[in-house]
Amino acid sequence: MMRKTLILIALALTASNAQAQLFPFLGQRPGQRGAPVVQGIDALRAEFAAQSGGTTIYYPANGVTIGAPAKAVLAAQAAWLRRHPEIVVRIEGYGDGGDTRDHALAVGARRAAEVRDYLVLLGVPAAQVSMTSWGKEKPGLGRAVTVLVR
Amino acid sequence: MIRYFLPLALLATASAVSAQQQPGTPAATVIAIPPLTSPDSGTRGNQMLQIGWQATQQIEADLRQTAELMPLKPNRDDYYSYPEVTAPTFSKWRSAGAKALVTGFVQSRSDGRLTVGCYVYDVDKGRELARKGFVIAPSEWRRAAHKCSGLAYTALTGAPGIFDTKIAYVAETGAPGNRSKRIAVMDSDGNDARFVTGGEMNVLSPRFAPNTTTLAYVSFVGDKPNVRVLDLASGKERPLIPADAITFSPRFSPDGSKIVFSMMVGPNCDIYIVNAAGGLPQRLTTSPAIDTSPSFSPDGTKIVFESDRSGSQQLYVMNADGSNERRLSFGNGWYAAPAWSPDGEWIAFTRRGADGRRIGLIKADGTGERVLTTGPADDGPSWAPSSREILFQRTDTAGRSGLFRIALAGSDPRQVALPQDASDPDWSGVVE
């Protein structure tokens, strides 16, 4: 069940490609743009989403393993996070709506933990990444979302 | 507080009346409840009769919600004399069709309090089954009535009464998907409902301690599910464990001294146990799978839980120290949210399959499995103290959820009337 082949969909923000073409420096010269600290969290979130190809990875029902397409998204997330060590993120895992209460909390937490561990594997300091689970508290497909906290 | 003034043991646990019921047939025993009377006279006597009538109506309402008893409608004009309390005219109740009878009285005391006496009879045999008396403040008449209902229920069915018990649940308001959730506590008859958490924080899974004055629950305070322990009298609460960990699915041990719960350590979800007063948690399961939803056997020696170590969720039983794990369920689908019955015989669960989520039962020895409800989205079974009914939550296709009761003997589930949507019910035990 857990080892089932995963179908992963990267959530591509609609503007991401266009933004990358219009402002190539966003991807190529990070950290050299000066005074990043004045950027608001919303602007940072938009930049993070655009350069990572998405903030969300999706799982099939009961699935907790990260597939290849999701790994590409997480690699881009990790690259951005390494360039922004001042930014702390929280991985929020979600369970499946049809699941039972406790199992959904555990599945959501496991999805978040898998994402966190993968980001750490890619060199993001563990202190920069926390995790939580929303279980089936918020509807929608089972997923893990990387949220910029500050 | 209620003080018992007649230290009489219950005279019978099962009568010929209930023995007529075949297992599985919900034939209810007809029970007569004439208005509680009073030995007092004059104005004082009228006051006592007034309180007695309120108590009579409460007893009728209590017994009417059971599957086993069917009360005759009491008539206020049907004056019942004080001598008849202890010497009923059985022929009269036989001809009324009653198999059982509850009589009682309310008497004023010189200290301003009241004495309430309660008697239960087998009408066919013309025999007393049980009696009990209580000294109460006048404002406590409802609780005395619940105690009287419990006396009758236990005398006639052999099971603990459910009337002086509480139900905790999560009250939900707002649109599905963006709900505000608060924990509410009420008497099991629906009276005296109150919120015990504010609506600013998402909450789940309230679980009573055996004394019903302490509640463990899951809060998302700090954006992370974590178990908190709330004292209902003072409103004070604390985290179950100080660590910054994801914890959920709490349940008290039958003696109230310990709490079992699930904790995430990395990607691993295991079951832990900790003193209810605090301390260092001890790990009980070590499987790399998801082990959660622990529930104690009523004698405190075993714990049933769910685990997906076999590839799908199934029920397992282990000793309370984590030793001797063994698999209990082997059916199709996913078995979850087990709850051990107060009489120790059954384990209720949620079974998830292609046809949705349904509540089912399996005996503690793994035999006798059956499905109780039709779904399509039921969850969170919680036992009545009588072990004869189960309270659970049902979510409809629009995402609205409510609480339902179903009798094991067989009947359609009945929705519990509540002012809001509700989920995660927990039915307390009997408090003496």
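Throughout, a chain's letter reflects where its sequence line sits, starting with A, and its residues are numbered from 1.
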request  = May I ask you to decide whether B/K181 forms a salt bridge with A/E137, counting only side-chain N to carboxylate O separations under 4.0 Å?
outcome  =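 A salt bridge links B/K181 with A/E137.
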
Sidechain N-carboxylate O distance under 4.0 Å for A/R101, B/D379 =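 Salt bridge flag = no for B/D379 with A/R101.
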
In terms of heavy-atom pairs under 4.5 Å with chain A, which of [options] leads?
options: B/E306, B/Q393, B/R352; result: B/R352
options: B/T292, B/I246, B/N202, B/L204; result: B/L204
options: B/A336, B/P225, B/C269; result: B/P225
options: B/S423, B/G222, B/S293, B/A377; result: B/S293

task = Tell me, for B/S205 versus chain A, whether the close heavy atoms (under 4.5 Å) come from the side chain, the backbone, both or neither.
result = side chain

ask   = Quick one: what part of B/N268 sits under 4.5 Å from any heavy atom of chain A, side chain, backbone, both or neither?
value = both

query = A/T132 and B/D223: which non-hydrogen atoms are nearest, and at how many Å?
reply = OG1-O, 2.6 Å

task = Measure distances from A/D99 to the heavy atoms of chain B and classify the residue's part below 4.5 Å as side chain, backbone, both or neither.
result = both

ask   = What part of A/R90 is in contact with chain B, defined as an atom under 4.5 angstrom from a non-hydrogen atom: side chain, backbone, both or neither?
value = side chain

Would you compute the distance between atom [atom1] of [X] and atom [atom2] of [Y] and round it to the nearest 0.5 angstrom?
X: A/H103; Y: B/Y335; atom1: NE2; atom2: OH; result: 15.0 Å
X: B/K224; Y: A/S133; atom1: NZ; atom2: OG; result: 11.0 Å
X: A/T100; Y: B/W334; atom1: OG1; atom2: CH2; result: 11.0 Å

query = For the candidates A/A113, A/G97, A/A106, which exhibits the highest count of non-hydrogen atom pairs separated by less than 4.5 Å from chain B?
reply =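 That would be A/A106.
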
query = Is a side-chain donor or acceptor of B/S249 paired with a backbone partner of A/D102 at a separation under 3.5 angstrom?
reply = no

